[in-house]
Amino acid sequence: MTRRPTLDEIRQWPATVNVQRAAEALGVSRAHLYDAINQNRCPATVIFVGTRRRVVTDSLLALLEDSSRLSFEASKSPNGASTAVGPDGGSAERRPTSRGHW
């Protein structure tokens with residue numbers, strides 16, 4: 001398996017990247033990301049250049065920075081476990097996107 005790139009590394013990427021590279025950044029398989037794209041469930045912005053799909057790097061960064069920020073906004077549950085809190089105060093584990101659920 002390929003090492004997941006850091007946010008600083010992703011910030012140095014070109015404006016768009018191929019699906020394989022975007023999948024590595026998101027920590028999912030290329031096949032999973034293609035499925036999400038084909039079902040209009042990809043949480044990042046995808047553009048088509050001819051028959052190729054390209055993922056907009058800024059949308060990956062926004063998604064990953066949001067996830068990173070949420071992981072720091074952990075609160076203690078009554079049993080002492082730490083849980084991430086979303087912007088609406090709810091759990092950040094599954095958040096809907098404008099295109100459906102990721």
Are side-chain heavy atoms of R21 and P14 found at a separation under 4.5 Å? yes
Closest heavy-atom contact between R54 and T16? NH2-O, 2.9 Å
Correct closest heavy-atom pair for T45 and S59 would be N-OG, 2.9 Å
Hey, which of V46, N38, V28 is the one that makes side chain to side chain contact (heavy atoms under 4.5 Å, CB included) with L33? V28
Same cluster or not: are [X] and [Y] linked, directly or through other Ile, Leu, Val, Met, Phe, Trp or Tyr residues, by side-chain heavy atoms under 4.5 angstrom apart?
X: L26; Y: V56; value: no
X: L63; Y: L61; value: yes
X: L7; Y: L60; value: yes

Spell out, as yes or no, whether a donor-acceptor pair under 3.5 Å connects the side chain of R4 to the backbone of A25. yes
If you count heavy atoms of other groups shown closer than 6.0 angstrom to CZ of R11, is the number above 12? yes
As an exercise, state the distance from CG of D35 to CZ of R41, rounded to the nearest 0.5 Å. 7.5 Å
What distance do E24 atom CD and S29 atom OG have between them, rounded to the nearest 0.5 Å? 11.0 Å
